[in-house]
Peer 1: 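I'd like to ask some things about the structure below.
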Amino acid sequence: MAPVERITLFKIPNEGDLPSLEEQYKILVANAKKDGKPYILTVAAGKCFPDPRNKGFNFSVKTTFASMEDMEYYDKECAAHQALKAYVAPIKEDILTTYFVSAV
């Protein structure tokens, strides 16, 4: 199966929280393990460029997984992702997540 691409957009009201969110993603990359090994293929994360089409979402993340099973592990079991979610919960206004297998 082709890799699963996951896009997550965050609305973070306090722009001052964005640098620490970037750091949290660096920690996630270093600590996300499945069976003792890294399992996330790629992570790209950063502050969005200002644009009215963002509709207030100001931080974007693209995560690539080898399989749906790996993405489901990320959502349900990964301790590093659980820590990231706990960090984000009090600073976020909204989150939008979608995932797909590329048809191109």
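FYI, side chains are in, hydrogens and waters are out, and symmetry mates aren't considered; it's all heavy atoms of this structure. Counting begins at 1 with the first residue of the sequence.
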Peer 1: Check this for me: Lys11, atom NZ, are more than 12 non-hydrogen atoms of other residues, nucleotides or ligands nearer than 6.0 Å?
Peer 2: yes
Peer 1: Please determine whether side-chain contact (heavy atoms from CB on, under 4.5 Å) holds for the pair Val61 and Phe10, giving the CA-CA distance in whole Å, both sets of side-chain angles, and the decisive distance to 0.1 Å.
Peer 2: CA-CA 8 Å; Val61 182; Phe10 294 89; 3.8 Å; yes
Peer 1: Transitive ILVMFWY cluster of Phe100 at side-chain heavy atoms under 4.5 Å: who else is in it?
Peer 2: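 Grouped by the 4.5 Å side-chain rule, Ile7, Leu9, Phe57, Leu96 form the rest of the cluster around Phe100.
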Peer 1: What pair of heavy atoms forms the shortest contact from Ser67 to Val4, and how long is it?
Peer 2: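 Closest approach of Ser67 to Val4: C-CG2, 3.7 Å.
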Peer 1: Roughly how far, to the nearest 0.5 Å, is CG of Asp75 from CD of Gln82?
Peer 2: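 One gets 8.5 Å once the value is rounded to the nearest 0.5 Å.
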Peer 1: Calculate, to the nearest 0.5 Å, the distance between atoms SG and NZ belonging to Cys78 and Lys85 respectively.
Peer 2: 9.5 Å
Peer 1: Under the ring pair (Phe, Tyr, Trp, His ring centres under 6.0 Å) rule, collect the residues that match up with Tyr74, sequence neighbours excluded.
Peer 2: Phe65, His81
Peer 1: Go through the steps to decide whether Ile40 and Thr63 satisfy the test side-chain contact (heavy atoms from CB on, under 4.5 Å), and finish with yes or no.
Peer 2: CA-CA 7 Å; Ile40 301 172; Thr63 315; 3.5 Å; yes
Peer 1: Could Glu77 and Lys34 be called an ion pair, given the rule that one side-chain N must be under 4.0 Å from one carboxylate O?
Peer 2: no
Peer 1: Counting only heavy atoms not in Tyr99, do more than 12 sit closer than 6.0 Å to its OH atom?
Peer 2: no
Peer 1: Mind checking whether Tyr25 and Phe49 sit in one hydrophobic cluster, side chains of I, L, V, M, F, W, Y counted as touching below 4.5 Å?
Peer 2: no
Peer 1: How long is the gap from CD on Glu5 to CE on Met71, to the nearest 0.5 Å?
Peer 2: 11.5 Å
Peer 1: To the nearest 0.5 Å, tell me how far Phe59 CZ sits from Glu15 CD.
Peer 2: 11.5 Å
Peer 1: Going from OH on Tyr87 to CG on Leu21, what distance comes out if it is rounded to the nearest 0.5 angstrom?
Peer 2: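 Output value for this atom pair is 6.5 Å.
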Peer 1: Can you measure from CD1 (Ile12) to CD1 (Ile95) and round to the nearest 0.5 angstrom?
Peer 2: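 That separation rounds to 7.0 Å.
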Peer 1: Looking at Asp70, Val43, Leu41, which hits side chain to side chain contact (heavy atoms under 4.5 Å, CB included) with Thr64?
Peer 2: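 One option only clears the test, and that one is Leu41.
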